[in-house]
Visitor: 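Quick one: this structure, given as structure tokens, is what I'll be asking you about.
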Amino acid sequence: MREFELIDWIRQLPGPSRPDVLTGIGDDAAVLSVPAGFDLIVSTDTSVAGVHFPHGTAAYDVGWKSLAVNLSDLAAMGATPAWVSLALTLPKLDADWLKGFFAGFQALALPHRLALIGGDTTRGPLAITITIHGFCPNGQAVRRRGARAGDALIRIGRLGLAAAGLRWQLARPESERASPLLDPFEQQCLQALNRPEPKIGMDAVLRTHASALIDVSDGLLADLMHVARSSGVGAKVDLDAIEEFGWLSEHFGSSEARDMVTRGGDDYALLAACAPAQVDLLLVAAKALGHAASVIGCFEAEPGCRIHHHGQIDTVGGPSGYEHFT
Ligand SMILES: Nc1ncnc2c1ncn2[C@@H]1O[C@H](COP(=O)(O)OP(=O)(O)OP(=O)(O)O)[C@@H](O)[C@H]1O
Ligand SMILES: Cc1ncc(C[n+]2csc(CCOP(=O)(O)O)c2C)c(N)n1
Ligand SMILES: [Mg+2]
């Protein structure tokens with residue numbers, strides 16, 4: 001297969017019919033029409049082999065996760081996704097790998113009516129960069145900066161399981177990392193790492209009831225700190241309210257479990273600030289879509305983040321999540 005054959009093959013993959021794509025793959029640039037009354041919401045995320053996913057990860061999972069992390073950023077704005085562009089850097093053109101990658105990519109793109117509108121293909125160490133575009137009714141995107149003291153802190157999605165999955169995955173030889181794990185809890189954690197479920201489909205509810213939103217990519221505390229700082233408030237997290245902490249403690253002990261839940265990252269859960277009167281509406285909507293959702297703390301006037309655990313209060317200092325270049 002050659003570069004242009006690959007692009008022709010990508011072009012004929014099934015996609016949703018979207019009248020807002022005036023020109024898609026095949027010209028110097030895509031031509032797109034933003035519906036009247038909506039803001040365009042845009043986000044980019046790169047996934048690099050050995051950095052964002054272990055070497056040896058199944059091609060399907062690489063395709064799924066590269067798109068899932070981008071969908072998660074749009075969910076975290078209360079936006080409805082519409083278009084993606086895909087920049088692929090590949091060490092070689094391997095037809096089987098590409099079929100697997102696009103099967104994983106399409107498994108998310110098709111049900112969410114996402115059109116692939118263009119991209120770029122180059123040779124180099126395996127890396128995937130996706131730019132995702134979506135819409136929000138004018139002025140209604142949910143920002144990081146709207147949390148108020150007294151708001152509840154809600155999580156939508158599991159925390160810490162992906163970090164455990166990463167631990168187990170990195171302990172296996174590269175050649176075995178594309179196969180499932182036998183133990184059901186280990187397999188659940190591996191699934192959380194490789195196939196994060198973006199919290200798409202509750203954008204309207206989030207726009208109505210969330211005062212601030214973020215998705216957890218770097219770690220619960222790191223991303224919570226972004227919301228707290230942007231909003232000019234502080235936050236408290238009750239570790240005992242996160243049931244995964246108990247599950248992980250059984251496997252790793254409470255100190256490592258706490259690190260996985262609070263600093264592990266790769267969760268792609270949403271954190272929402274929400275006025276107490278609206279909490280139940282948000283939780284019901286999230287659970288109706290099958291997501292784990294609960295109140296895990298609250299926002300407070302005092303700046304900084306505090307963790308409550310067994311009646312003890314710790315103030316968060318130092319690195320609180322994943323950082324490149326450390
Ligand atoms: N190289 C860059 N040039 C311009 N803006 C950037 C660059 N890298 C990041 N940004 C911007 O900085 C802000 C924070 O980026 P970051 O990658 O931390 O996003 P995030 O959504 O918090 O995290 P994640 O990428 O893990 O989902 C975003 O507005 C992003 O667009
Ligand atoms: C092999 C391997 N090593 C480490 C990790 C953990 N990890 C990498 S990037 C990141 C934060 C999100 O990235 P970004 O901030 O670039 O969006 C996390 C938690 C992984 N998934 N795979
Ligand atoms: Mg984000």
Side-chain angles (χ1 to χ4, degrees), residues 39-59 61-79 81 84-85 87 89 125-134 141-145 147 156-178 189-200 212-231 248 256 259-272 319-326:
D39 293 331
L40 177 63
I41 314 294
V42 183
S43 178
T44 297
D45 258 315
T46 293
S47 298
V48 179
V51 176
H52 293 86
F53 54 88
H55 291 289
T57 298
D61 293 338
V62 176
W64 174 287
K65 185 170 180 178
S66 308
L67 186 51
V69 303
N70 277 273
L71 282 164
S72 180
D73 275 318
L74 279 215
M77 297 301 289
V84 277
S85 64
T89 302
L126 179 59
I128 300 98
T129 296
I130 291 179
T131 298
I132 191 160
H133 309 69
V142 189
R143 322 284 280 274
R144 295 177 176 183
R145 66 177 188 213
I156 303 167
R158 298 276 177 212
L159 297 163
L161 302 191
L166 180 62
R167 175 82 64 91
W168 279 315
Q169 194 66 327
L170 291 177
R172 299 206 282 177
E174 209 177 303
S175 58
E176 290 173 22
R177 290 182 188 156
C189 293
L190 189 57
Q191 187 84 0
L193 176 72
N194 286 335
R195 306 258 185 102
E197 285 285 348
K199 311 303 178 284
I200 295 293
L213 263 183
I214 194 165
D215 69 320
V216 182
S217 52
D218 292 337
L220 167 64
L221 293 176
D223 289 315
L224 180 58
M225 288 284 245
H226 288 313
V227 175
R229 279 205 197 100
S230 310
S231 303
L248 291 166
E256 288 201 32
D259 269 1
M260 287 171 171
V261 167
T262 61
R263 298 168 204 269
D266 270 323
D267 303 298
Y268 302 100
L270 294 181
L271 298 181
S320 48
Y322 189 88
E323 278 186 51
H324 296 284
F325 311 109
T326 52

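Both ligands and their constituent atoms are indexed starting at 1 by order of listing.
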Visitor: Around atom CZ of R145, are there more than 12 heavy atoms from other residues, nucleotides or ligands closer than 6.0 Å?
Guide: no
Visitor: For H324, is at least one N or O under 3.5 Å away from an N or O on ligand 2?
Guide: yes
Visitor: With R229, which residues qualify under side chain to side chain contact (heavy atoms under 4.5 Å, CB included), at least two apart?
Guide: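 R229: side chain to side chain contact (heavy atoms under 4.5 Å, CB included) contacts with M225.
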Visitor: Considering D45, T44, V42, which one's heavy-atom position lies nearest to atom 25 (O) of ligand 1?
Guide: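 That would be D45.
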Visitor: Pull out every atom of ligand 1 sitting under 4.0 Å from any heavy atom of R144, numbered as shown with elements.
Guide: 20 (P), 21 (O), 22 (O)
Visitor: Of all the non-hydrogen atoms in the protein, which one sits nearest to atom 2 (C) of ligand 2, and at what distance?
Guide: V51 O, 3.2 Å
Visitor: Quick one: does G264 get within less than 4.0 Å of ligand 2, heavy atoms only?
Guide: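 Within the 4.0 Å threshold, so yes.
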Visitor: What is the distance from atom CG of L193 to atom CD of Q169, rounded to the nearest 0.5 Å?
Guide: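 Rounded to the nearest 0.5 Å, the CG-CD separation comes to 6.5 Å.
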Visitor: Among all protein heavy atoms in this structure, tell me which lies nearest to atom 11 (C) of ligand 2, with the distance rounded to 0.1 Å.
Guide: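 Here the closest protein heavy atom is D218 OD1, 3.3 Å.
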Visitor: Under 4.0 Å from a heavy atom of G50: give me the atoms of ligand 2 that qualify, with their elements.
Guide: 1 (C)
Visitor: Would you say S217 and ligand 1 have an N/O pair spaced under 3.5 Å apart?
Guide: yes
Visitor: Would you call R195-D61 a salt bridge at under 4.0 Å N-O?
Guide: yes
Visitor: Taking only heavy atoms of F53, which atoms of ligand 2 are found under 4.0 Å from at least one of them?
Guide: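 That gives atoms 1 (C), 22 (N) of ligand 2.
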Visitor: Quick check for you: to the nearest 0.5 Å, what is the distance between R158 atom CZ and C189 atom SG?
Guide: 10.5 Å
Visitor: Is a side-chain donor or acceptor of S231 paired with a backbone partner of A228 at a separation under 3.5 angstrom?
Guide: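 Not a single qualifying donor-acceptor pair exists.
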Visitor: Would you kindly specify which portion of L166 sits under 4.0 Å from ligand 2, judged on non-hydrogen atoms: side chain, backbone, both or neither?
Guide: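 Answer for L166: side chain.
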Visitor: Going by the order shown, which atoms of ligand 2 are within less than 4.0 Å of some heavy atom of Y268?
Guide: 12 (C)
Visitor: D266 versus ligand 2: do any nitrogen or oxygen atoms come within less than 3.5 Å of each other?
Guide: yes
Visitor: Among all protein heavy atoms, pick the one closest to atom 17 (O) of ligand 2 and tell me residue, atom and distance.
Guide: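 Of the protein heavy atoms, D45 OD1, 3.5 Å lies nearest.
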Visitor: At what distance, to the nearest 0.5 angstrom, does CD of E256 lie from CG of L248?
Guide: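 If we round to the nearest 0.5 Å, E256:CD and L248:CG are 10.5 Å apart.
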Visitor: What atoms of ligand 2 come within less than 4.0 Å of a heavy atom belonging to S217?
Guide: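 Listed by number with element: 11 (C), 12 (C), 19 (C).
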Visitor: Under a 4.0 angstrom heavy-atom cut-off, which atoms of ligand 2 come close to P54?
Guide: 1 (C)
Visitor: D73 versus ligand 1: do any nitrogen or oxygen atoms come within less than 3.5 Å of each other?
Guide: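 Min N/O separation from ligand 1 is below 3.5 Å for D73.
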Visitor: Given the side-chain rings of H55 and F53, with only the six-membered ring counted for Trp, is the space between their centroids under 6.0 Å?
Guide: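 Not under 6.0 Å, so no.
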Visitor: Decide whether an N or O pair under 3.5 Å exists between L193 and ligand 2.
Guide: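 The answer is no, given that L193 and ligand 2 share no N or O pair closer than 3.5 Å.
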Visitor: Answer yes or no: is there an ion pair linking D218 with R263, defined by an N-O contact shorter than 4.0 Å?
Guide: no
Visitor: Taking K199 for its side chain and Y268 for its backbone only, find out whether a donor-acceptor pair lies under 3.5 Å.
Guide: yes
Visitor: Is there a donor-acceptor pair closer than 3.5 Å between any side-chain N or O of S72 and the backbone N or O of A68?
Guide: no
Visitor: With rounding to the nearest 0.5 angstrom, report the CG to OG distance, L74 to S43.
Guide: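 The distance works out to 6.5 Å.
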Visitor: Answer yes or no: does an N/O atom from H52 fall short of 3.5 Å to an N/O atom of ligand 2?
Guide: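 So ligand 2 has an N or O lying under 3.5 Å from an N or O of H52.
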Visitor: Atom 9 (S) of ligand 2: which protein heavy atom is closest, and how many Å away?
Guide: Y322 CE2, 3.4 Å
